[in-house]
Amino acid sequence: QVQLVESGGGLAQTGGSLRLSCTASGRIFSINVMGWYRQVPGKQRELVATVNYVDTTNYADSVKGRFTISRDNAKNTVYLQMNSLKPEDTAVYYCNANLFGGSIWSVHWGQGTQVTVSS
């Protein structure tokens, strides 16, 4: 019943910006960690950034100083502000959440949103 829905992907030029959002809906009592991962064809999915329930953040070295992750607990939403975009950032970006539904903790993934950066 839990769903994660991403939005905000699209096309940007090198040096431009995009802001991704992901909202969780369904039977949710608490969300511990939310994060963003990305994947390109032929490569493994890799971590981009995570934020936990006390707002501790973690970033991949490749995006430090350029991307910012944040969350709105009241809305069950996580954001990824992407600045100074590079062609290497082109990928499908997936939202991830570790949440409590009232009886168990479970991990969920969004459907992915395409980010394309032109050179």
Side-chain angles (χ1 to χ4, degrees):
Q1 187 175 354
V2 174
Q3 291 184 317
L4 303 182
V5 179
E6 300 112 329
S7 63
L11 178 65
Q13 294 182 324
T14 297
S17 298
L18 288 172
R19 186 173 188 251
L20 307 183
S21 64
C22 170
T23 298
S25 62
R27 186 177 176 83
I28 302 170
F29 287 88
S30 181
I31 301 178
N32 183 13
V33 180
M34 299 189 78
W36 292 93
Y37 294 71
R38 65 188 182 188
Q39 187 171 25
V40 298
K43 299 186 68 176
Q44 293 183 316
R45 190 173 299 182
E46 65 179 8
L47 181 146
V48 177
T50 62
V51 57
N52 71 6
Y53 69 103
V54 293
D55 291 329
T56 298
T57 57
N58 181 49
Y59 296 93
D61 288 340
S62 60
V63 306
K64 287 181 179 178
R66 300 188 298 120
F67 291 8
T68 302
I69 189 169
S70 61
R71 64 189 290 176
D72 185 335
N73 293 328
K75 298 180 179 180
N76 290 330
T77 298
V78 64
Y79 306 93
L80 185 68
Q81 179 66 46
M82 303 184 292
N83 298 326
S84 301
L85 284 165
K86 304 175 181 179
E88 305 92 272
D89 297 318
T90 296
V92 177
Y93 284 70
Y94 295 90
C95 177
N96 170 271
N98 183 348
L99 56 85
F100 183 62
S103 59
I104 61 170
W105 288 90
S106 59
V107 177
H108 299 268
W109 291 91
Q111 80 287 350
T113 184
Q114 177 70 46
V115 170
T116 302
V117 183
S118 64
S119 60

Considering all heavy atoms, the nearest R66-S62 contact: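 Answer, listing the atom of R66 first, then S62: NH2-O, 2.9 Å.
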
Apart from [X] itself, residues in the same hydrophobic cluster as defined by side-chain heavy atoms under 4.5 Å:
X    : answer
Y53  : V54
F100 : F29, W105
V33  : none
L99  : V2, L18, L20, I28, I31, M34, W36, V48, V51, Y59, V63, F67, I69, V78, L80, M82, L85, Y93, V115, V117

*Does E88 have any side chain to side chain contact (heavy atoms under 4.5 Å, CB included) partners at least two apart in sequence or in another chain, and if so, which?*
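E88 satisfies side chain to side chain contact (heavy atoms under 4.5 Å, CB included) with K86 only.
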
Going by side chain to side chain contact (heavy atoms under 4.5 Å, CB included), name the residues that satisfy it together with N83, two or more places apart in sequence or in a different chain.
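Partners of N83 by the side chain to side chain contact (heavy atoms under 4.5 Å, CB included) criterion, ordered by chain and then number, come out as S17, Q81.
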
Pairs where residues 24-98 contributes a residue and the test disulfide bond (SG atoms under 2.5 Å apart) is met, not counting sequence neighbours
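Applying disulfide bond (SG atoms under 2.5 Å apart) to every pair that reaches into residues 24-98, excluding sequence neighbours, yields C22-C95.
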
message = Does anything in residues 44-79 form a disulfide bond (SG atoms under 2.5 Å apart)? List the pairs, not counting sequence neighbours.
response =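 For residues 44-79: none.
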
In chain order, what residues pass the side-chain hydrogen bond (donor to acceptor under 3.5 Å, both in side chains) check against T23, with sequence neighbours excluded?
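Result, side-chain hydrogen bond (donor to acceptor under 3.5 Å, both in side chains) vs T23: T77.
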
To the nearest 0.5 Å, what is the distance between [atom1] ([X]) and [atom2] ([Y])?
X    : Y   : atom1 : atom2 : value
D72  : Y79 : CG    : OH    : 5.0 Å
S106 : R27 : OG    : CZ    : 11.5 Å
T50  : N58 : OG1   : CG    : 4.5 Å

Contact list for residues 2-11, test side-chain hydrogen bond (donor to acceptor under 3.5 Å, both in side chains), sequence neighbours left out
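Residue pairs with at least one partner in residues 2-11: E6-Q111, S7-S21.
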
inquiry  = Please list all pairs meeting salt bridge (Lys or Arg N to Asp or Glu O under 4.0 Å) that have one or both residues in residues 52-63, counting only residues at least two apart or in different chains.
reply    =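 Sorted result for residues 52-63: D61-K64.
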
message = According to salt bridge (Lys or Arg N to Asp or Glu O under 4.0 Å), does anything in residues 29-54 pair up with another residue at least two apart or in another chain? List the pairs.
response =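 For residues 29-54, and leaving out neighbouring residues, the salt bridge (Lys or Arg N to Asp or Glu O under 4.0 Å) pairs sorted by first residue read R38-E46, R38-D89.
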
Self-check item: Same apolar cluster (I L V M F W Y, side chains within < 4.5 Å links), V107/Y94
Solution: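 They do share one cluster, since a chain of ILVMFWY contacts under 4.5 Å joins V107 to Y94.
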
- Does the side chain of N76 reach to within under 4.5 Å of the side chain of S25, using non-hydrogen atoms?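 No, every pair of side-chain atoms sits at 4.5 Å or beyond.
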
*Just wondering, do V40 and T90 contact through their side chains at under 4.5 Å, heavy atoms?*
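A side-chain contact is absent here, since even the closest heavy-atom pair is not under 4.5 Å.
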
Should the heavy atoms of other residues, nucleotides or ligands under 6.0 Å from CD of Q114 be counted, would the total exceed 12?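 Check passes, neighbour count above 12.
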
